[in-house]
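In the text below, chain A, chain B and the rest are named by the order of the sequence lines, each starting its count at 1.
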Number of protein chains: 2
Amino acid sequence: MQSLNDQDEKSAVGTAVSCSGIEAFLAKHKIKPTRQRVAIATHMFEKEQHLSADTILERVNNDAGTTSVSKATVYNTLKLFVKQGILKEVALDPQRILFDTNVSDHHHVLNLDNGDIRDIEPVKINLQDIEGINQNLNVSGVDLIIRVRDSEPD
Amino acid sequence: MQSLNDQDEKSAVGTAVSCSGIEAFLAKHKIKPTRQRVAIATHMFEKEQHLSADTILERVNNDAGTTSVSKATVYNTLKLFVKQGILKEVALDPQRILFDTNVSDHHHVLNLDNGDIRDIEPVKINLQDIEGINQNLNVSGVDLIIRVRDSEPD
DNA sequence: ATGTCTGCAAAAAATTTGCAGTCCC
DNA sequence: GGGACTGCAAATTTTTTGCAGACAT
């Protein structure tokens with residue numbers, strides 16, 4: 001249950017962003033809140049979640065309450081959101097690129113049996129632990145995906 | 001410097017697969033060694049490496065010594081190799097899906113400054129260390145990518 | 001000749017680009 | 001009205017599918 005790491009705006013931003021606060025939320029991140037962007041953001045930030053570009057397109061266009069948008073706009077907008085730091089792009093596996101509303105440093109546990117994706121605390125990576133690595137390097141990011149199954153291996 | 005974990009065939013299979021041994025190598029993994037597959041495998045297993053489908057296509061078709069192949073065949077063949085366990089598909093980042101000749105359990109260190117990809121030993125993940133997780137789950141796979149830079153952050 | 005398998009052209013899906021129309025000043 | 005920006009049609013790129021031909025009985 002992580003917040004968007006936004007200090008002010010405590011009522012509008014909880015685990016997600018309330019509909020009325022979306023415009024301010026976008027504006028605060030230097031994103032002009034156009035109709036299309038608000039529509040996409042409304043669905044994306046409805047709650048803490050991991051969605052594909054396709055799912056977002058579907059949800060936006062099936063919701064009579066928001067403008068409908070083209071696929072290109074969904075891609076361009078999600079990429080803009082990533083650039084502005086309100087979304088994170090995650091390659092859950094080679095066939096599944098998702099956009100994650102949790103932009104804090106964290107990792108994922110993917111349940112292969114039911115498809116659930118669970119966010120977990122970042123692990124501490126010590127380059128010292130990796131043999132033979134150049135110690136002058138500095139870590140700029142760590143992606144960790146743990147695939148699990150419910151039942152025991154047979 | 002990891003081998004392909006193949007016991008017999010010690011001369012043909014070192015860190016890579018020698019050209020002459022390719023057909024036997026494919027056959028051993030229940031892959032009929034057709035001209036196209038041999039061409040693709042020759043370039044892929046030339047040495048321990050991480051290549052995109054596109055790079056493989058280019059290399060195969062620029063090599064007068066091997067049959068040229070269509071893009072579809074490259075995709076289908078690489079997928080077949082993954083299914084048969086002689087390649088691993090790695091989502092290095094959302095924009096870069098690579099095929100890795102190292103199929104043993106391992107992780108990656110990606111140097112963002114020079115593009116180098118380095119294989120490292122698998123980390124031991126203890127579900128006990130992850131708070132709030134259902135302990136009846138069992139881990140079926142762990143992907144870890146560490147992004148590093150040469151110089152210190154400014 | 002018949003059933004299985006291969007390679008690839010064509011189709012489909014995913015992503016990017018270029019530009020017509022808007023929005024500010 | 002002019003520079004900057006937006007959304008999307010069209011182009012491009014990536015991936016999948018379907019089927020004509022090859023191959024092994």
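- Using bins of under 30°, 30° to 60° and over 60° for the plane-to-plane angle, the ring pair A:Phe81/A:Phe45 lands in the tilted bin.
- Contact check for A:Leu80 versus A:Ile31: side-chain heavy atoms found under the 4.5 Å cut-off.
- Closest-nucleotide positions on DNA chain C for A:Ile97 and B:Arg35 were compared, and the one nearer the 5' end corresponds to B:Arg35.
- For the segment residues 66-80 of chain A, the set of residues with a heavy atom within less than 4.0 Å of an atom of DNA chain C comprises A:Lys71, A:Ala72, A:Tyr75, A:Asn76, A:Lys79, in numerical order.
- The nearest whole Å value for the distance from the CZ atom in A:Phe99 to the P atom in C:dT15 is 8 Å.
- Remark: P of C:dA13 and CZ of A:Arg96 are 18 Å apart, rounded to the nearest angstrom.
- For the side chain to side chain donor-acceptor pair (under 3.5 Å) test with A:Thr101, the passing option among A:His50, A:Gln49, A:Glu48 is A:Glu48; the others fail.
- B:Leu137 and A:Asp150 make their closest contact through CD2-OD1, 3.3 Å (heavy atoms, listed as atom of the first residue, atom of the second, distance).
- With a 4.5 Å cut-off on side-chain heavy atoms, A:Asn76 and A:Thr73 do not count as touching.
- The footprint of chain A on DNA chain D, defined by a heavy-atom cutoff below 4.0 Å, extends from D:dT6 to D:dA9.
- Inter-residue side-chain proximity for B:Arg59 and B:Thr55 is flagged as met; some heavy-atom pair is nearer than 4.5 Å.
- Looking only at side-chain heavy atoms (C-beta outward), A:Leu87 and A:Lys79 stay at 4.5 Å or farther from each other.
- Annotation: side chain of B:His107 is not in contact with side chain of B:Ile146 (no heavy-atom distance under 4.5 Å).
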